[in-house]
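Below is one structure, written out as structure tokens, with a few remarks after it.
First the proteins, then the strands, lettered A, B, ... as listed; each starts at 1.
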2 protein chains.
Amino acid sequence: MPERKPRKDAVRNRAAVFEAADALFAACQNPEEVTMADIAAAAGVGKGTLFRAFGDRTGLIRALCAARLEPLRKAVEEGPEPLGPATPPPRRVPALLDAVLCFKLDNRHLALALETTGSDSPYRTEHYERWHTLLRDLLDRAPGATDSDFAAHALLAATRADLVEYLAGEKGVPREELRARLAEFTAGVLGTRL
Amino acid sequence: MPERKPRKDAVRNRAAVFEAADALFAACQNPEEVTMADIAAAAGVGKGTLFRAFGDRTGLIRALCAARLEPLRKAVEEGPEPLGPATPPPRRVPALLDAVLCFKLDNRHLALALETTGSDSPYRTEHYERWHTLLRDLLDRAPGATDSDFAAHALLAATRADLVEYLAGEKGVPREELRARLAEFTAGVLGTRL
DNA sequence: GGAAGAAGCGGACCGCTGGTCCGTATCTTA
DNA sequence: TAAGATACGGACCAGCGGTCCGCTTCTTCC
């Protein structure tokens, strides 16, 4: 499969759509207020193009998230400590969770849109699968004796977009405090009592 | 305010709608497949009646959940041990979480519909607020030194409907195992190491 | 019991959204 | 530069949540 390279206008449009969608989601509280037509218009593109390129609404949001998440993914897979693979599990787990939290704080609207987008649960995505597997394996290799599979799910659940939105947005919990709280909780789960 | 009592047909219709909605949600995987028109038809009622009685879709689902949750609420507020108020916190916390989990297992479709219903996050409901407050206060009175506010959020997040649906449905984790896992995780958080 | 008035009913109707379709414009390649 | 492939775009569609208002049913009071 030679993988024909895409046309120039296609890649330009793709980028324009990402930009526009990102901006629109950032501007609205509720992701559902942003319609496909809005995005198309803001990107200077026809609606057909959106659906041709991304399949459907969910596809668009997923693609956008994946793109924005790319740096983090790379940092985790081949980056330096404390995110990278060389870090010993007991230090890497909190680092990972902190990174996820920070991402969701920095891209609240986006993460929210991803999880909010109805129809398919956030769990069925291979995206989630990857994070979960990674976390589970790390927990397995850490001293604590808890059931690592469920613990991984639970820890990830503690960083869910709408919870983050609720705490950081609604309740006004400042960024650093939230990070500290998550870190403390994580430490508790790991058995690393303070 | 004397609170005029509602008409007979009104209460009958209300019950019929609950019944119909419950059945329909149970029958479909994705709650969004169930339309208001469907519910109205299944209940033998006009669409207008639905909206007059519940305001909107979210209102319907909330009301239905509240109704189904009523027994649990009562058991927690004035029931016997281990759910009732007389139970010492370290035993009551796991009992509460287990009860929540069981509810979501027994009413998967419903709980899913409630959390899935777009637009407003599950966190803004006073319903959630109540559970959270209760749990936080209990954690406060338990020996463990962790930040009880965040811990309460995190523990509740571990029982979220879509996670439960994913584990119990998609992954096929059997009921009792799931309960055991949650119990173990809870114990870990509480510092009650096995 | 019956009449008057309130309360509730129901389904035609509306605006809007995600998604499709296909004639047309743009890019690529030889 | 001509021809074929690819992507564009906006008119179009079906279906949804939600509204509206003429009509029915219940309640109440004599």
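- A:Y128 and A:H153 have their aromatic ring centers within a separation under 6.0 angstrom.
- Taking every side-chain heavy atom of B:F51 into account, D:dG17 is the closest of D:dG17, D:dT27, D:dC8.
- Using a 4.5 Å cut-off between side-chain heavy atoms of Ile, Leu, Val, Met, Phe, Trp and Tyr, with links allowed through other members, A:F51 and A:V34 fall into the same hydrophobic cluster.
- If you take CE of A:M36 and C1' of C:dT20, they are 15 Å apart, rounded to a whole angstrom.
- Between A:D38 and B:R14, the residue anchored nearer the 5' end of DNA chain C, judged by the nucleotide with its closest heavy atom, is B:R14.
- Note on B:T49: a base of the nucleic acid sits closer than 4.0 angstrom, heavy atoms only.
- Looking only at side-chain heavy atoms (C-beta outward), B:F54 and B:R62 stay at 4.5 Å or farther from each other.
- Positionally, the nearest nucleotide of DNA chain D for B:T35 lies more toward the 5' end than for the other of B:D9 and B:T35.
- Residues A:L156 and A:L110 do not share a hydrophobic cluster, defined by chaining ILVMFWY side chains whose heavy atoms lie under 4.5 Å apart.
- Defining each end axis of the helix from C:dG1-D:dC30 to C:dA30-D:dT1 as the rotation carrying four pairs' C1' atoms onto the next four, with five pairs an end, the two axes are found to diverge by 20° to 10 degrees.
- Judged by atom type and distance alone, A:R52 does not reach the base of D:dA7 through any side-chain donor-acceptor pair under 3.5 Å.
- Nucleic acid contact for B:K47: base, since at least one base atom lies under 4.0 Å from a heavy atom of the residue.
- With A:R130 contributing its side chain and A:T125 its backbone, the two residues share no donor-acceptor pair below 3.5 Å.
- Among the heavy atoms of the strands lying under 4.0 Å from A:R57 are primed sugar atoms or P, OP1, OP2 only; no base atom is included.
- Between the side chains of B:D140 and B:S148, at least one donor N or O lies within less than 3.5 Å of an accepting N or O.
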